Number of protein chains: 2
Amino acid sequence: MKYVYAFREGNRDQKYLLGGKGANLAEMTSLGLPVPPGFTITTDACKAYMAAGNKIPDGLMDEVATARAALEEEMGKRLGDEADPLLVSVRSGAAFSMPGMMDTVLNLGLNDTSVKGLAKQTGNERFAQDSYRRFIQMFGKVVLEVKGALFEDALHEAVSAKGAASDTGLSADDLAAVVETFKGIVQRETGAEFPQSPDDQLAAAIEAVFRSWNGKRAQEYRQLEKIPDDLGTAVNVQTMVFGNKGEDSGTGVAFTRDPATGESVPYGDFLTNAQGEDVVAGIRNTEPLGAMANHFPECHAQLTENMKVLENHYRDMCDIEFTIEQGKLYMLQTRVGKRTAAAALRMAAEMVEEGLIEPKEAVLRVQPAQLDQLLHPQFDPKADVAAIATGLKASPGAAVGAVYFTADDAEDHAQAGEKVILVRPETSPDDLHGMIAAEGILTSRGGLVSHAAVVARGMGKPAICGAEEIKIDLKGKQFKAGDALVKEGDIISISGTTGQIALGEVPVVTPEPTVHFTTILSYADQFRRLKVRTNADTPEDSARAREFGAEGIGLCRTEHMFLGEDRVAIVRRMILSDNPADEKAALDELEVLQKTDFVGILEAMDGLPVTVRLLDPPLHEFLPDTEELAIKQATDGLSAEEEALLRAARAWEEVNPMLGTRGCRLGVIKPGLYTMQVRALMEAAVERKQAGGDPRVEIMIPLVVSGPELELLTKWTREAAQAVIDESGVDVDYLVGTMIETPRAAIDAASIGRVAEFFSFGTNDLTQMTFGFSRDDVEGRIMTPYLEKKLIPANPFETLDQAGVGELVRWACEKGRGARENLKLGICGEHGGDPASVHFCHEVGLDYVSCSPFRVPLARLAAAHAALGAGGPGSTA
Amino acid sequence: MKYVYAFREGNRDQKYLLGGKGANLAEMTSLGLPVPPGFTITTDACKAYMAAGNKIPDGLMDEVATARAALEEEMGKRLGDEADPLLVSVRSGAAFSMPGMMDTVLNLGLNDTSVKGLAKQTGNERFAQDSYRRFIQMFGKVVLEVKGALFEDALHEAVSAKGAASDTGLSADDLAAVVETFKGIVQRETGAEFPQSPDDQLAAAIEAVFRSWNGKRAQEYRQLEKIPDDLGTAVNVQTMVFGNKGEDSGTGVAFTRDPATGESVPYGDFLTNAQGEDVVAGIRNTEPLGAMANHFPECHAQLTENMKVLENHYRDMCDIEFTIEQGKLYMLQTRVGKRTAAAALRMAAEMVEEGLIEPKEAVLRVQPAQLDQLLHPQFDPKADVAAIATGLKASPGAAVGAVYFTADDAEDHAQAGEKVILVRPETSPDDLHGMIAAEGILTSRGGLVSHAAVVARGMGKPAICGAEEIKIDLKGKQFKAGDALVKEGDIISISGTTGQIALGEVPVVTPEPTVHFTTILSYADQFRRLKVRTNADTPEDSARAREFGAEGIGLCRTEHMFLGEDRVAIVRRMILSDNPADEKAALDELEVLQKTDFVGILEAMDGLPVTVRLLDPPLHEFLPDTEELAIKQATDGLSAEEEALLRAARAWEEVNPMLGTRGCRLGVIKPGLYTMQVRALMEAAVERKQAGGDPRVEIMIPLVVSGPELELLTKWTREAAQAVIDESGVDVDYLVGTMIETPRAAIDAASIGRVAEFFSFGTNDLTQMTFGFSRDDVEGRIMTPYLEKKLIPANPFETLDQAGVGELVRWACEKGRGARENLKLGICGEHGGDPASVHFCHEVGLDYVSCSPFRVPLARLAAAHAALGAGGPGSTA
């Protein structure tokens with residue numbers, strides 16, 4: 001196995017072997033760009049080092065010696081030479097960029113002898129001593145693991161002793177003295193002299209870079225970015241060039257296009273007489289790239305030309321580091337540059353126009369998750385946000401408003417024209433009017449699929465959930481977060497995108513979807529196989545989703561329609577009725593209201609399929625809280641109606657409502673309820689058809705566990721539907737299908753598939769039951785420790801759990817299609833808007849995904865990525 | 001295909017083809033016993049009839065004509081003959097006995113002509129007319145579907161007109177007139193004359209029998225007895241013989257052994273001058289079989305001989321119907337007789353002693369479910385039980401006692417020497433002391449796996465759960481059931497075997513396990529492959545189970561150990577502690593107590609494996625009810641401690657506790673808890689070992705969802721265990737395994753199997769999550785409609801749901817054993833005591849089942865049945 005590659009031997013496709021930096025240095029070398037020569041030690045060497053229990057693999061140092069000799073030959077200089085020494089940098093470079101996470105050693109090759117050669121060669125004694133001082137400090141800290149503070153303190157001491165303002169005030173002699181002090185520190189801390197042999201320096205530095213792959217920060221970063229732990233890092237050994245050799249030198253960073261806006265103009269920062277880290281550190285004020293033309297017209301022209309070469313070669317925006325050493329330009333690094341979502345869209349769209357890339361590539365250039373930023377207001381990136389607490393990023397977007405602690409208060413103040421933020425421990429359907437009235441929602445409990453989170457995402461409204469740091473005192477109408485006390489009416493700002501909660505008003509910007517957005521999504525639509533529908537319960541949501549490109553409704557929940565104040569009263573009458581006549585009367589009233597709801601939705605989605613789920617939640621959700629009533633009973637006493645409500649609430653109360661009498665179980669024991677809903681829907685369809693519309697009705701029966709169960713409910717459904725058709729004389733086509741949301745339904749999909757015309761995977765509930773995770777209870781309390789301890793690979797409510805839930809979905813698809821070849825398959829859980837999950841849906845052959853309106857563009861793009869074979873699980877692209 | 005078999009052509013092995021009755025008639029014919037000749041139309045004919053949409057299959061009536069001709073030839077008589085007519089019966093006869101569920105026509109062949117021949121032949125005009133009258137009535141009702149009441153009313157009218165007491169008061173002429181009236185009814189109701197042609201009569205009767213297979217009653221019966229719907233019935237056409245031809249005739253029923261006790265003496269009932277239905281109807285007082293010797297010494301001797309022939313031939317107790325016509329004995333039917341559980345055991349055991357059968361057969365002769373009757377007190381079968389309500393048969397056995405409505409009251413009165421029945425809406429762990437004190441438990445809510453049911457079965461104590469008819473008024477300390485009002489202290493009797501609740505004291509009998517019981521179970525042990533363990537949480541239960549043959553503990557729940565009044569206080573201190581030191585102090589106290597529990601259990605199960613499940617329930621189960629405290633807070637106010645408890649209870653409260661922070665999730669976020677339990681268990685094992693015992697410890701981690709989760713907990717467990725071993729210097733072997741009770745654990749069994757040393761399927765929870773059925777909520781409310789409407793094949797909490805939950809078990813066994821060849825597999829849900837489920841466990845290759853102590857014998861027998869290939873799902877044997 002070959003462990004070492006000279007830059008001229010590699011190319012950019014070898015990023016897994018040479019790391020991103022090494023591969024790109026090799027590529028630039030091949031392009032004939034002025035890259036300081038060097039060589040790369042492969043990731044294989046790192047892997048071998050780790051596999052052997054941190055032992056340099058046999059043969060590696062021999063190869064390094066050969067490469068080093070060749071480099072010395074090429075440069076005509078030698079490491080440690082007392083006349084004209086070669087200096088090198090030793091840098092990590094993994095397949096994926098991990099900025100600042102791993103170690104670097106500069107100026108390697110300096111020792112007591114070669115420092116003199118450097119002084120001679122540069123004619124700058126101070127520069128030489130300062131370089132040696134920096135080398136010992138960096139090598140000491142990184143390679144020898146001496147505490148960095150020891151060096152820093154010693155340097156400060158020297159500066160103070162001299163009475164200087166900073167280390168620039170130290171002379172060559174002063175620095176020579178510091179070098180001696182530093183060497184003393186090393187001797188004391190490590191029990192050995194600072195290594196003088198370049199061989200030893202190089203070997204130790206390479207090993208330090210290898211070790212840094214498993215440093216704590218690097219591990220954490222990989223976990224966050226989902227970079228596999230076993231890739232290892234390459235090591236780049238490269239001739240040093242210096243941008244700080246005087247006014248004829250300089251350094252800078254450049255982008256071939258503007259990474260913030262995407263505009264096709266070079267963009268960058270430049271500093272005269274400085275080293276790379278000075279640009280990044282922001283200690284000195286940089287100049288814009290254009291200004292470089294004044295100081296270094298030739299270098300500027302050369303750089304501009306090089307940037308064109310690189311962009312044309314990489315066919316993408318490149319991010320470049322360069323240095324000018326004594327009037328000569330060197331290209332130190334390049335890679336495909338990071339960019340904002342807006343810039344990604346603009347570059348991708350414009351590069352297609354320019355003929356640089358194909359639409360397919362343009363689609364792949366934009367990450368689906370980035371789109372989320374573009375559709376919601378955000379904290380102004382320029383604003384300084386001092387967060388008093390953070391919570392879960394439950395629904396993206398930013399909002400500013402006055403705090404209120406009850407839905408009623410929120411609604412009252414909103415109606416009075418105030419912008420409000422609803423703050424609750426958690427929300428329930430009773431809080432819906434307050435959520436509608438609020439600009440944003442903040443809860444101290446509940447997870448990413450808690451009621452607040454799901455409803456807020458559905459409304460496209462910012463929400464932070466599970467912000468456990470805030471302690472709400474409902475009685476006192478205030479909350480505390482650390483030292484901050486926020487009272488009713490106080491203004492706060494929240495960002496559901498970042499999870500930040502801040503006092504007062506943080507400026508908010510609302511990005512407008514651009515022409516580039518539209519272009520890229522229209523390209524995406526050319527490639528995707530999956531249809532994208534939306535989860536929408538109102539005509540407004542439906543219309544919005546359609547604007548975002550939704551191709552129908554995958555889940556229209558009917559329970560929200562029961563929750564208006566007028567409606568809940570009727571629902572309660574229905575529940576309380578002790579005879580069929582009263583029940584029927586209440587259902588008849590509801591039927592009229594439901595019909596209106598459906599007409600609006602069918603109109604908004606005219607010509608597109610609308611999947612309506614029959615009532616799903618347990619009845620007690622429509623009843624008041626028993627504890628509140630019981631307390632009132634014990635204190636003020638209850639009215640007769642309240643007594644009845646309490647009795648009903650107790651009767652319908654459940655120990656585990658998630659696993660209780662809900663969904664089609666209600667349909668079985670209260671058949672009138674479903675019949676009413678089916679009638680209302682079919683009557684709405686008839687009305688739409690009579691008005692010249694094209695209603696496409698799909699009736700979905702929730703929470704099924706067996707074939708016979710679905711068979712009975714389908715029979716009842718068809719009878720009710722047929723009755724409306726017969727009464728009206730208008731024929732309406734419709735499908736009857738089911739949600740697959742219990743594990744049993746998935747397992748028994750063959751039997752259910754013989755009855756259902758479509759399956760829609762309700763992956764929220766399916767995840768809850770498969771894991772035995774109640775989203776209300778578990779997300780706040782155990783998800784964090786479970787993710788931290790890596791007990792589960794990801795939050796299964798965000799990203800579909802492929803090894804568990806996914807197996808059930810796969811199995812159900814297979815068995816369902818086995819039973820009915822043309823079975824329509826879709827997904828309507830929250831996962832329909834998650835890129836990795838969309839990829840899975842594509843892979844198992846679903847027909848469509850359905851997600852909240854604001855996620856529709858994201859799903860369209862993710863579906864295209866999936867069809868193009870990108871963005872799959874485990875992908876870090 | 002041959003549709004018709006003469007009796008002499010068939011044999012007893014053809015019950016699927018000829019029906020049970022037909023096959024046995026054929027067998028008796030072959031044995032040379034005096035069977036009235038006839039032939040059988042096969043079930044294939046019936047199936048063909050049904051498949052063709054109720055159409056007589058081609059060729060059938062030709063075969064019938066041939067068989068009829070042969071029969072007429074053999075008997076020397078012809079159907080419809082005016083001199084000496086042949087009469088036949090036409091009876092259904094399915095593969096499985098469906099007594100009274102299908103139709104029969106007697107005296108077929110009579111018409112206006114042959115009735116004269118019958119009169120002539122018998123010299124009894126009245127008999128002839130009566131036979132004709134009966135035939136028209138039966139044929140009219142069964143075949144022609146004329147309302148039976150029309151005939152009955154007409155007959156009553158004739159009797160009244162005559163001024164007679166009953167139809168026996170009618171003369172031959174009167175009956176002839178009734179015949180005319182009946183024919184008129186038929187003419188009026190069917191628009192056609194009563195069929196005179198024996199051909200037509202026979203064809204119509206055969207078709208009627210075919211149709212009766214799908215009669216409502218027959219369908220319901222099959223559903224109840226789990227007889228497949230597609231078997232069809234055979235039809236037996238047999239020469240009529242008459243036991244009512246005078247004092248030289250008679251009829252009876254005989255068993256070759258006593259079906260109640262199993263004693264090896266003939267047993268039966270006999271009537272002179274009567275027909276079979278008179279014996280069954282119980283209108284006349286029958287004589288015992290012995291008395292028959294006085295009237296018919298020759299026939300009696302012949303019958304006794306025939307019984308010996310049959311028993312030796314069938315090698316089992318036979319149930320026989322016979323008739324004596326004018327001094328001649330005819331054998332009308334035989335089959336293997338039904339028997340009580342006690343009789344089944346005795347016969348089986350004694351037949352082995354007699355050399356009649358092998359032990360293997362003896363084992364198969366006793367149904368596992370029958371054993372339940374033998375281990376619990378029962379209502380005296382002779383007692384007249386007037387139930388005021390019934391509920392779910394939650395735990396078998398009968399109990400009598402005074403009603404108390406709180407666990408404290410029950411305990412107080414029990415301690416004062418009273419026998420008490422604890423009556424609660426439902427029970428919780430707080431009621432445990434009351435349940436221990438009570439003779440039996442009655443709840444108005446909760447299903448077969450509610451707390452009350454599970455705990456009662458574990459204690460072997462009678463319980464009725466979910467008796468929704470009883471309305472409990474806890475405040476008033478009384479309950480109502482219909483009109484009955486039962487107050488505190490009133491005596492009631494309950495039977496968990498029958499579900500009956502009765503006022504006052506119903507006499508109770510306690511069967512003693514006999515020597516036969518022991519014999520049969522020891523035979524069973526020779527054949528079974530599955531081990532049988534028990535679910536036991538105390539030394540007492542462990543010892544009892546061991547007496548019943550348990551081979552270890554499959555599930556020792558540790559939560560019950562936390563519920564003594566002294567202990568719950570410590571547990572609460574642990575939960576309330578706000579610093580590690582307080583938590584540790586509380587855990588240390590618990591450790592001492594737990595160790596004592598474990599020592600007792602390990603001692604009782606010395607030398608046998610003891611699987612201890614680490615704490616499973618959510619913490620709020622150890623905290624008081626929030627509502628009660630909230631009410632007290634609003635009224636009387638709370639003490640500081642109560643305030644703290646309320647806060648904790650609210651903090652740990654969960655929306656869906658079943659899917660919440662319980663099981664190993666607690667283990668992850670409160671590691672001290674599990675460490676304490678592991679230490680206590682290992683310290684107990686060390687103590688046992690030091691005392692010369694042989695403790696076999698298996699530590700079980702509950703509610704796992706992934707491999708990494710189990711890996712972490714196993715690591716912690718092993719560290720804690722090793723610490724005890726190191727401290728004591730005593731080496732104790734132990735296994736660490738897990739429960740498979742979430743669907744995800746089953747699906748991901750490969751990854752979990754790499755860590756676990758054993759799997760124990762927790763099929764209660766697995767069923768809850770797979771169906772999304774909370775046992776607390778769903779069993780009472782939807783199980784009944786679901787079973788009635790056949791939406792699910794059986795209550796999945798009683799019998800393992802093979803199509804759903806079973807698939808997961810099967811998959812997990814396969815994947816688990818794939819990951820670890822010697823993985824130990826067991827089941828510890830309630831299903832371990834259900835025969836069909838035990839069969840499934842055998843089939844999928846589990847190593848053991850575990851069930852409550854009282855079900856251990858049943859499981860041993862069921863395991864033997866499974867190993868012998870009997871008693872499986874769908875079996876109706």
Side-chain angles (χ1 to χ4, degrees), chain A residues 618 626-628 630-635 653-663 665 668-669 703 705-706 708-712 741-748 751 765 767-778 781-782 785-786 789-793 796 801 803-805 807-808, chain B residues 618 626-628 630-635 653-663 665 668-669 703 705-706 708-712 741-748 751 765 767-778 781-782 785-786 789-793 796 801 803-805 807-808:
Chain A
T626 52
E627 188 174 309
E628 265 172 43
I631 290 174
K632 188 162 181 235
Q633 188 181 42
T635 51
E653 201 169 30
E654 293 189 301
V655 182
N656 296 289
M658 176 56 51
L659 310 176
T661 309
R662 47 177 283 246
R665 297 164 196 176
V668 170
I669 65 172
L703 211 72
V705 298
S706 80
E709 184 188 34
L710 183 62
E711 203 168 349
L712 178 70
E741 51 186 336
T742 65
R744 195 183 189 286
I747 299 165
D748 203 16
S751 133
D765 278 13
T767 300
Q768 295 198 81
M769 292 182 200
T770 302
F771 276 86
F773 278 177
S774 160
R775 54 201 199 184
D776 290 317
D777 303 311
V778 153
R781 202 171 267 145
I782 77 155
Y786 265 55
K789 295 187 167 72
K790 298 198 195 179
L791 307 187
I792 47 178
D801 161 54
V805 179
E807 279 294 331
L808 287 175
Chain B
T626 52
E627 187 173 310
E628 266 172 43
I631 290 174
K632 192 165 179 232
Q633 189 180 41
T635 52
E653 203 169 28
E654 294 188 300
V655 182
N656 296 289
M658 176 57 52
L659 310 177
T661 309
R662 46 177 284 246
R665 297 165 198 177
V668 170
I669 64 171
L703 212 69
V705 298
S706 80
E709 183 188 33
L710 183 62
E711 204 169 348
L712 177 70
E741 51 187 335
T742 65
R744 195 182 191 287
I747 298 165
D748 202 17
S751 131
D765 278 12
T767 300
Q768 296 198 82
M769 293 180 200
T770 302
F771 276 85
F773 278 177
S774 160
R775 55 203 199 182
D776 290 317
D777 303 309
V778 152
R781 201 171 268 143
I782 78 152
Y786 266 55
K789 295 188 166 72
K790 297 201 204 179
L791 306 188
I792 47 177
D801 161 53
V805 179
E807 279 295 331
L808 286 176

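So that the names make sense, note that chain A is the first sequence line, chain B the second, and so on, each numbered from 1. No experiment lies behind these values; they were computed from the predicted model shown.
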Using heavy-atom distances under 4.5 Å, tell me whether [X] contacts chain B through its side chain, its backbone, both, or neither.
{"X": "A:Lys789", "answer": "side chain"}
{"X": "A:Val705", "answer": "side chain"}
{"X": "A:Ile631", "answer": "both"}

Side chain, backbone, both or neither of B:Asp801 within contact of chain A (heavy atoms, under 4.5 Å)
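For B:Asp801, the contact with chain A is made by the side chain alone.
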
Under a 4.5 Å heavy-atom cut-off, does chain A meet the side chain of B:Thr626, its backbone, both or neither?
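Both parts, heavy atoms under 4.5 Å.
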
Below 4.5 Å, heavy-atom pairs only: which of A:Ala630, A:Ala745, A:Ser751 has the largest tally toward chain B?
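Of the options given, most contacts go to A:Ala630.
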
Verify, without hydrogens or angle tests, whether B:Asn656 (side chain) and A:Met658 (backbone) share a donor-acceptor contact under 3.5 angstrom.
yes

Under 3.5 Å: donor-acceptor pair, side chain of B:Asp748, backbone of A:Gly804
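No.
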
Nearest 0.5 Å, what's the [atom1]-[atom2] distance between [X] and [Y]?
{"X": "B:Arg665", "Y": "A:Tyr786", "atom1": "CZ", "atom2": "OH", "result": "6.0 Å"}
{"X": "A:Leu791", "Y": "B:Leu712", "atom1": "CG", "atom2": "CG", "result": "5.5 Å"}
{"X": "B:Leu808", "Y": "A:Arg744", "atom1": "CG", "atom2": "CZ", "result": "10.0 Å"}

The criterion is salt bridge (Lys or Arg N to Asp or Glu O under 4.0 Å); which residues satisfy it with B:Glu653, sequence neighbours excluded?
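Testing B:Glu653 for salt bridge (Lys or Arg N to Asp or Glu O under 4.0 Å), a comparison that skips the adjacent residues, returns none.
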
Given B:Ile782 and A:Val668, is the side-chain contact (heavy atoms from CB on, under 4.5 Å) satisfied, shown in steps?
CA-CA 8 Å; B:Ile782 78 152; A:Val668 170; over 6 Å; no

Heavy atoms only: give me the nearest B:Asp777-A:Gly660 pair and the separation to one decimal.
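Closest approach of B:Asp777 to A:Gly660, heavy atoms only: CB-CA, 4.2 Å.
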
Nearest heavy-atom contact between B:Pro708 and A:Lys790 is CB-O, 3.5 Å

Given B:Pro743, which of A:Thr770, A:Ile747, A:Thr742 fulfils the side-chain contact (heavy atoms from CB on, under 4.5 Å) condition?
A:Thr770

